[in-house]
Number of protein chains: 2
Amino acid sequence: MRIIKTNKLMKKKPTLKSIAEYLNISVTTVSRALSGYDDVSPNTRRQVEEAVATLGYVPNLAARRLVTGKSDAIGILLPVSYGDMRDHFLSHFLLHFGRSLHTHNPNLDLIVSYAPEGEEELSTYQRFIDSQRVDAFVVMRTRKDDARVNLLLENKVPFVTHGRTLSSEKHNWIDTDAISGFEFATQSLIDKGHKKIVLMNLPERMYTSDLRLEGYMNAMNKAGLTPDVFVTEVSDNIPHRLSLELLKSQNAPTGFICASDVIAHEVVKAAKELGIDPCADINVIGCDDLPVSTLGDPTISTLKSSFEDHSNAIISILQAEMNGHLTVPRNKLINYELIERQTSENKNIS
Amino acid sequence: MRIIKTNKLMKKKPTLKSIAEYLNISVTTVSRALSGYDDVSPNTRRQVEEAVATLGYVPNLAARRLVTGKSDAIGILLPVSYGDMRDHFLSHFLLHFGRSLHTHNPNLDLIVSYAPEGEEELSTYQRFIDSQRVDAFVVMRTRKDDARVNLLLENKVPFVTHGRTLSSEKHNWIDTDAISGFEFATQSLIDKGHKKIVLMNLPERMYTSDLRLEGYMNAMNKAGLTPDVFVTEVSDNIPHRLSLELLKSQNAPTGFICASDVIAHEVVKAAKELGIDPCADINVIGCDDLPVSTLGDPTISTLKSSFEDHSNAIISILQAEMNGHLTVPRNKLINYELIERQTSENKNIS
DNA sequence: AATATAAACCAAAACGTTTCGGGTCTTCAA
DNA sequence: TTGAAGACCCGAAACGTTTTGGTTTATATT
């Protein structure tokens with residue numbers, strides 16, 4: 001048992017008490033000095049700060065959390081399904097969100113755990129709430145009618161959803177402006193002369209799917225074109241089989257609006273397999289700007305919304321919730337930007 | 001202020017005390033019943049368990065942590081650099097690790113924070129240690145001589161590194177068996193008749209780069225071939241420019257062993273730009289089996305080691321550390337498997 | 001000189017656990 | 001009938017903070 005640090009007067013981990021003794025003042029005063037109260041003299045405050053620095057005091061979070069009832073942590077329960085391509089979005093989002101949170105407030109912990117959709121999803125949330133591990137939640141991949149939302153509302157736990165629900169007016173949310181985004185993307189293909197444009201959508205369980213559909217329909221209707229919608233999971237080779245089928249059909253579509261870059265990538269791949277030029281013969285637009293869309297050949301056009309914006313919006317709502325109480329739910333719509341890459345570069349389909 | 005839950009006798013959040021009062025026994029006994037001590041009668045234990053269930057008691061973690069000094073959390077301080085392609089590996093690893101940790105022990109929290117390489121890296125670790133937020137660390141992307149390792153050793157905090165260091169004998173680590181893996185990959189190209197095989201390595205700051213180099217050298221020396229090594233970051237378009245240069249040089253290499261799939265992908269891309277068939281004219285092998293290597297066209301051969309194995313190895317070492325104390329550092333080498341895809345499918349380069 | 005005001009400080013309670021060092025009551029052997 | 005052993009239980013302290021509701025001292029006001 002050697003003493004590690006060589007600072008004078010150092011034996012154990014310093015506490016408020018040891019600092020108080022060291023300075024011959026009370027624990028209360030030390031605490032208040034450090035918390036910036038104004039009933040402590042400038043001189044005392046300075047001494048406390050010095051002592052903290054030389055003794056290397058760091059507050060014990062457990063004790064603080066016990067007494068304040070706040071945990072200074074925010075939780076995110078990931079709905080990952082192993083091997084599912086959708087994990088791409090989540091894993092990148094997570095990294096960015098964590099990073100933003102940290103730069104925004106390094107004292108907020110991010111606790112990551114898992115609550116896959118299904119049986120135990122709600123009970124996992126409940127346990128998390130009850131143990132008071134976190135002050136607030138970020139809820140990912142919201143469904144239209146999402147039981148998690150109700151649970152959190154009932155328990156009066158602050159949270160922000162990433163994606164709207166059918167009861168969006170009751171809770172904080174951020175979301176991409178899927179209607180405008182998909183309308184714009186569809187319109188861009190219409191402008192290029194496409195007549196047969198399909199939407200390859202995600203399952204309608206997610207609300208966002210409805211909104212994307214709406215955007216697509218808006219553009220198609222305005223142009224007097226017949227919409228054609230397909231729904232696919234982003235896993236296994238379902239999107240791939242579907243793409244092959246579509247491309248081989250007579251009177252095959254030439255424009256593809258895809259709800260995910262992964263789907264878009266499968267369309268491109270299927271086209272190449274069939275000897276169809278994914279840039280000249282058809283146009284493909286994906287969504288999310290995942291690495292696959294820039295790394296692939298050809299590069300894939302995509303609807304992008306910055307993780308930075310997502311994260312910042314979530315964090316600012318969370319902060320508002322955790323400090324002064326929010327009287328009314330807040331929300332934020334984030335714009336999509338159409339990134340034109342090779343799969344939509346040709347100017348005129350005839 | 002309405003009462004949310006409708007259970008009888010429920011007003012506030014239940015505590016040990018409320019259960020004790022409810023059952024007319026002492027707090028001590030309740031606590032001991034729940035902790036599985038054997039000095040509580042079967043009957044009492046049953047009653048306690050029932051009460052816990054009906055009242056919906058969940059222990060307050062802050063209180064427990066305060067008294068035990070354990071946090072039941074493990075921390076991972078990510079060395080992310082925004083926009084860096086290496087983040088691909090990290091983000092996927094993180095998702096998998098979290099998932100494994102959760103299935104292994106759902107009561108262990110995973111706290112994710114950020115400590116980018118540089119100035120504040122060590123102080124970030126120090127603050128994390130001092131605040132006793134976590135019981136143990138996972139240290140990613142170890143360097144040859146890694147100050148984080150020393151810091152953690154000095155503070156006697158349990159940790160496992162992902163990747164060896166020069167002082168590996170002093171700490172727990174897991175790592176991929178880079179020597180064997182890269183030797184095997186190189187040998188596989190030699191077996192196909194390649195004479196000019198280059199290694200496109202990562203900066204030697206990381207120990208793993210040395211080991212990969214060693215594996216490559218082993219195979220080359222054994223075959224009497226002249227080694228040729230290049231070092232590149234995995235960011236910007238450095239690997240791309242380097243690839244173009246190499247492929248355009250006279251007496252250009254035909255075999256490419258790359259320390260990352262991202263680099264391999266750049267080689268492939270450069271080849272295609274130059275009209276070189278990345279499958280027939282050259283062979284390329286990457287590393288890590290990132291999504292880009294399966295999603296790309298052509299698909300890229302790669303050295304794969306399963307995240308599952310990584311995670312499990314780390315977790316089992318961590319568990320050993322956190323329960324009975326480990327007397328001697330543990331480690332685990334994880335095998336690479338060569339996944340042959342299109343970029344190494346041709347059988348004979350002449 | 002007495003009183004009000006302000007500045008600086010503090011003792012003690014509280015948060016909800018775990019654990020230490022006992023205690024009481026059976027039961028059973030001597 | 002006594003004593004020991006075992007089974008079961010409990011009071012109180014401890015963990016390190018924050019906060020409440022003061023007290024003390026010095027200065028200003030009447």
Side-chain angles (χ1 to χ4, degrees), chain A residues 11-49 51-52 55-73 107 109 127 129-133 135 322-323, chain B residues 11-49 51-52 55-73 107 109 127 129-133 135:
Chain A
K11 342 169 192 256
K12 288 283 172 188
K13 190 160 237 319
T15 68
L16 280 190
K17 199 165 129 199
S18 52
I19 293 188
E21 279 164 5
Y22 177 68
L23 293 176
N24 266 316
I25 57 178
S26 78
V27 169
T28 304
T29 304
V30 179
S31 173
R32 312 204 105 216
L34 291 176
S35 309
Y37 282 71
D38 60 357
D39 64 348
V40 29
S41 77
N43 185 40
T44 313
R45 191 188 305 278
R46 194 183 42 72
Q47 288 187 318
V48 169
E49 277 158 1
V52 162
L55 297 186
Y57 167 78
V58 175
N60 178 309
L61 291 187
R64 173 180 291 172
R65 285 167 181 174
L66 175 58
V67 62
T68 61
K70 308 250 100 200
S71 62
D72 280 322
N107 292 316
D109 280 347
R127 269 210 322 279
I129 296 168
D130 289 340
S131 62
Q132 303 177 58
R133 256 182 260 259
D135 292 335
M322 292 166 65
N323 304 342
Chain B
K11 344 171 190 255
K12 287 285 173 184
K13 189 159 242 316
T15 67
L16 280 190
K17 197 164 132 200
S18 52
I19 293 187
E21 278 164 6
Y22 177 68
L23 293 177
N24 266 315
I25 58 178
S26 78
V27 169
T28 305
T29 304
V30 179
S31 173
R32 312 205 104 215
L34 291 176
S35 310
Y37 281 71
D38 60 357
D39 65 348
V40 29
S41 77
N43 185 40
T44 312
R45 190 187 306 278
R46 195 183 42 73
Q47 288 188 318
V48 169
E49 277 158 1
V52 162
L55 297 186
Y57 167 77
V58 174
N60 178 309
L61 291 188
R64 172 180 292 173
R65 286 168 180 174
L66 176 57
V67 61
T68 61
K70 308 249 99 200
S71 63
D72 280 323
N107 292 317
D109 280 346
R127 269 211 321 280
I129 296 168
D130 289 338
S131 63
Q132 302 177 57
R133 257 183 259 257
D135 293 335

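Using a cut-off of 4.0 Å between Lys/Arg side-chain N and Asp/Glu carboxylate O, A:Asp39 and A:Arg32 are scored as salt-bridged. Under 4.0 Å is where a charged nitrogen must lie from a carboxylate oxygen, and between A:Arg65 and A:Asp109 at least one such pair does.
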Under 3.5 Å, which N/O atoms of the protein pair with N/O atoms of nucleotides 14-17 of chain C?
| from | atom 1 | to | atom 2 | distance (Å) |
| --- | --- | --- | --- | --- |
| C:dT17 | OP1 | B:Tyr57 | OH | 3.0 |
| C:dT17 | OP1 | B:Asn60 | N | 3.4 |
| C:dT17 | OP2 | B:Leu16 | N | 2.8 |
| C:dT17 | O5' | B:Tyr57 | OH | 3.0 |

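Side-chain atoms of A:Ser35 never come within 3.5 Å of backbone atoms of A:Tyr37 as a donor-acceptor pair (strictly under, hydrogens ignored). B:Lys70 places no side-chain N or O within donor-acceptor distance of the main-chain N or O of B:Asp135, the cut-off being under 3.5 Å. Proximity of a side-chain donor or acceptor of A:Ser131 to a complementary backbone N or O of B:Leu61 within less than 3.5 Å is not detected.
Counting to the nearest Å, the C1' atom of C:dA8 and the CG atom of A:Leu23 are 15 Å from each other. As rounded to whole Å, 13 Å separates atom C1' of D:dG21 from atom OH of A:Tyr37. Between B:Arg46 atom CZ and D:dC8 atom P the separation is 14 Å, expressed in whole Å. Distance, A:Ile25 CD1 to C:dC10 P: 6 Å, rounded to whole Å. If you take CZ of A:Arg45 and P of C:dA8, they are 10 Å apart, rounded to a whole angstrom. Between the CD atom of B:Glu21 and the C1' atom of D:dC10 there is a distance of 15 Å, given to the nearest Å. Taking atom CG of residue B:Asp39 and atom P of nucleotide C:dT18, one finds them 14 Å apart after rounding to whole Å.
Put simply, the side chain of A:Ser41 and the base of C:dA8 share no donor and acceptor less than 3.5 Å apart. Below the 3.5 angstrom threshold, one finds no donor paired with an acceptor across the side chain of A:Thr44 and the base of C:dA8. Contact annotation: side chain of A:Thr28 to base of D:dT18, donor-acceptor pair absent below 3.5 Å. Within 3.5 Å, no donor on the side chain of A:Thr29 pairs with an acceptor on the base of C:dA8, nor the reverse.
Residue B:Ser26 places at least one side-chain N or O under 4.0 Å from the OP1 or OP2 atom of D:dC10.
DNA chain D is contacted by both A:Arg32 and B:Pro42; B:Pro42 maps to the nucleotide lying nearer its 5′ end (nearest heavy atom per residue).
Side-chain polar atoms of A:Ser41 and A:Thr44 form a donor-acceptor pair below 3.5 angstrom.
Contact annotation for B:Leu61: no contact, since no heavy-atom pair falls under 4.0 Å across all strands.
The side-chain hydrogen bond (donor to acceptor under 3.5 Å, both in side chains) with A:Asn43 is formed by just one residue from the set A:Arg46, A:Gln47, A:Arg45; it is A:Arg46.
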